[in-house]
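FYI, the numbering just counts along the sequence from 1.
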Amino acid sequence: MKALIIGGSGLLGTALVRRATAAGWGTAATYCSRPGGLPGASWHRLDLRAPGHIDAVLAAADPDVVINATSGGSDWAVTADGSIRVAMAATRRGCRLVHVSSDAVFSGSSTPYDETCLPDPVTPYGAAKAAAETAVRLLVPAAAVVRTSLIIGHGGSEHERLVHALVAGAHDGVLFTDDLRCPVQVDDLASALWELAVSDGAGVFHLAGADAVSRHELGVLIARRDGLDAGRLPTGRRADTRMPGALEVRLDSSVTQGRVRTRLRGAREFLQGR
């Protein structure tokens, strides 16, 4: 069996490549600017903005399963249009498709959100993710669309790097105390995604951590794990800024957790120390 990890050089993609190769699958992965460094996978450059490029990669990799773990942020051409191209190409080749989405599809006006909740985004990134979700579900009814939250790794995630920069005084900014999410550990997420990938589960799934924490509390947990002075982390309130985005988005993953063996730990547990 063969798997193609789109966005394989990213934080989540790297964990998925590791998971697929450990399972003994023939593994291919894509990158945009620089291939990943994991052995055991073939690497393919992919520009999701280019029509036909994904078809060429699929022809070369010949996968049974495609996991789209890429993120182009608020770049509509990558996050929305690119995901639609992946879905169309996967359909043409009859591949199993797992599409990774985000809690950014929600406004925070009605929390917690379970798998039945419809998107109501308030940011360009959320809108692009919501458009991708809708297209994938229409084009590939058998696909798994998986919403997740802030992904935390072993020091390599965006939030972890920000915490280190803030403590060192190398970055201006604050961590919001009123902005709540359900962070997930990258290996937990990759393991649960792989379970869904090798299943026939279709529809919307939620894979987020068990704890709802503010971005500031998350920063404190990271700082303490890494032996940093958490007291140096500046705080603020998103509500006092003009920065767009939801305040409180709690993903309810209980239904999906009942379908996967991987336990989705909360941040207060998985950040207790190395």
Check: P244 main-chain N/O paired with R238 side-chain donor or acceptor under 3.5 Å: yes

G231 backbone acceptor or donor facing D229 side chain under 3.5 Å: yes

Basic-acidic side-chain contact under 4.0 Å: D64, R96: no

Judged by modelled atom types alone, do [X] and [Y] share a side-chain donor-acceptor pair under 3.5 Å?
X	Y	value
T111	E248	no
D114	H206	no
S149	D103	yes
H216	D178	no
S254	Q257	no
D188	T262	no

Members sharing V105's hydrophobic cluster (side chains within less than 4.5 Å):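 F106, Y113, V249, L251, all in the cluster of V105.
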
Same cluster (ILVMFWY, side-chain, under 4.5 Å), L196 and I151: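 Same cluster.
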
A22: partners by side chain to side chain contact (heavy atoms under 4.5 Å, CB included), with sequence neighbours left out: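 Residues passing side chain to side chain contact (heavy atoms under 4.5 Å, CB included) with A22: none at all.
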
